[in-house]
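The analysis underlying the following values was restricted to heavy atoms, covering all of them including side chains, and did not include hydrogens, waters or symmetry mates. Keep in mind that what you see is a predicted model, and the values were worked out from it rather than measured.
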Amino acid sequence: RESGEMYLTRGRSAIAVQQAANLEALALVGEGDYAAAERALTRFMDEVGWEAESFLLRAQARRTQHRNEESLADVNRAIDLDPASAPAHLCRAKLYADRGSVAEAERDFARAVELAPRWVGARLARGNFLQVWERFEAAKADYDAALDVDPAFARARSNRGLLHFQLGR
């Protein structure tokens, strides 16, 4: 993994540094080192400026560390920079759901699905949220939509099966 500092020393553009920082952060997240991912993003972006994806990555790293208020601030900045980012809206929906802000969570889940209707991850996440709040028919619709896109999507199939059990079908 090549660090963003290597890009700086070789005279690369700010965009290359941002991409390097994002890649380094993704690698660190993959290794489970969320705090290091956050530090890497902050260090590089403080030097060259921020972009929506960097804010989103840092928000996800902070959410994993249960630093939800800081995560929410970052994801809000990501959405300010890129209002059409389905992953940012999904991240914010999960943060709102974590704190029990149902209406706000529902709004952002809907926006994520609207922006990326064939993204099975957004459909699954919204279905899970709806299932927890016992909105079973709406949850089933999301699981079905995810399975229409990817019939082999095991988690959607499993969750839909659990939903049928809950409904006594």
Side-chain angles (χ1 to χ4, degrees), residues 1 19 22-38 40-41 51-169:
R1 175 173 82 223
Q19 291 171 343
N22 291 347
L23 289 173
E24 180 175 357
L26 286 171
L28 290 164
V29 165
E31 295 168 7
D33 195 346
Y34 302 102
E38 178 188 349
L41 284 166
E51 63 173 9
E53 184 181 358
S54 299
F55 276 114
L56 177 57
L57 289 171
R58 190 170 76 170
Q60 292 168 333
R62 286 177 166 176
R63 180 174 181 260
T64 304
Q65 299 172 70
H66 308 287
R67 295 168 53 201
N68 289 354
E69 291 307 312
E70 291 170 283
S71 180
L72 184 59
D74 278 346
V75 79
N76 283 336
R77 290 173 83 181
I79 290 171
D80 287 345
L81 291 168
D82 183 4
S85 171
H89 284 280
L90 182 62
C91 181
R92 188 166 70 180
K94 290 177 180 180
L95 285 162
Y96 283 142
D98 289 348
R99 72 180 193 187
S101 299
V102 177
E104 290 89 349
E106 194 165 7
R107 181 193 68 225
D108 274 312
F109 279 120
R111 184 70 176 136
V113 168
E114 175 188 329
L115 290 167
R118 296 183 53 79
W119 181 22
V120 296
R123 293 286 187 167
L124 177 71
R126 184 170 71 172
N128 292 344
F129 169 79
L130 293 168
Q131 190 169 355
V132 165
W133 288 97
E134 298 182 358
R135 297 196 33 218
F136 299 125
E137 292 304 322
K140 182 182 178 307
D142 273 327
Y143 298 145
D144 288 343
L147 290 166
D148 286 345
V149 173
D150 182 359
F153 191 31
R155 287 176 53 194
R157 187 168 306 287
S158 172
N159 288 8
R160 189 178 65 176
L162 176 61
L163 181 66
H164 284 230
F165 177 76
Q166 286 175 305
L167 292 172
R169 294 183 191 168

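Shortest non-hydrogen contact noted between R126 and A110 is NH1-CA, 3.6 Å. Between I79 and A88 the shortest heavy-atom distance is CG1-CB, 3.6 Å. Contact between L56 and P87 at its shortest, heavy atoms only, is CD2-CB, 3.6 Å. The two atoms that bring D74 and A59 nearest to each other are CB-CB, 3.7 Å, heavy atoms only. Considering every non-hydrogen atom in both A156 and A146, the closest pair reads CB-CB, 4.1 Å.
For the atom pair CG of L95 and CG of L90, the computed distance is 10.0 Å after rounding to the nearest 0.5 Å. With values rounded to the nearest 0.5 angstrom, R99 atom CZ is found 9.0 Å from N68 atom CG. Here the CG-NZ distance, from L167 to K140, works out to 9.5 Å after rounding to the nearest 0.5 Å. Distance CG/D82 to CG/L115: 9.0 Å, rounded to 0.5 Å. The line from CD of E53 to CG of L81 is 12.0 Å long, rounded to the nearest 0.5 Å. For the atom pair CG of L162 and CZ of F136, the computed distance is 9.0 Å after rounding to the nearest 0.5 Å.
Ion pair R107/E104 not flagged as a salt bridge, since none of the NZ, NE, NH1 or NH2 atoms sits closer than 4.0 Å to an Asp/Glu carboxylate oxygen.
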Report task. Could you check Q60 against K94 for side chain to side chain contact (heavy atoms under 4.5 Å, CB included), going step by step and ending with a plain yes or no? Result -> CA-CA 10 Å; Q60 292 168 333; K94 290 177 180 180; over 6 Å; no
Report task. Take V132 and N128 through the test side chain to side chain contact (heavy atoms under 4.5 Å, CB included) and record every step on the way to the result. Result -> CA-CA 6 Å; V132 165; N128 292 344; 5.7 Å; no
Requested in this report: Under the side chain to side chain contact (heavy atoms under 4.5 Å, CB included) rule, what do V75 and R63 come out as? Steps first, then yes or no, please.
Outcome: CA-CA 10 Å; V75 79; R63 180 174 181 260; over 6 Å; no
Requested in this report: Might you work through the side chain to side chain donor-acceptor pair (under 3.5 Å) test for E70 and Q65, ending with a clear yes or no?
Outcome: CA-CA 10 Å; E70 291 170 283; Q65 299 172 70; over 6 Å; no
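The shortest side-chain heavy-atom distance between R111 and R92 does not fall under the 4.5 Å cut-off.
No option in Y96, Y143, F109 other than F109 meets the ring pair (Phe, Tyr, Trp, His ring centres under 6.0 Å) test with F129.
Looking only at distances, a side-chain donor or acceptor of N76 sits under 3.5 Å from a matching main-chain atom of L72. No donor-acceptor pair closer than 3.5 Å links the side chain of R123 to the backbone N or O of V113. With hydrogens and angles disregarded, a donor-acceptor distance shorter than 3.5 Å links the side chain of H89 to the backbone of P83.
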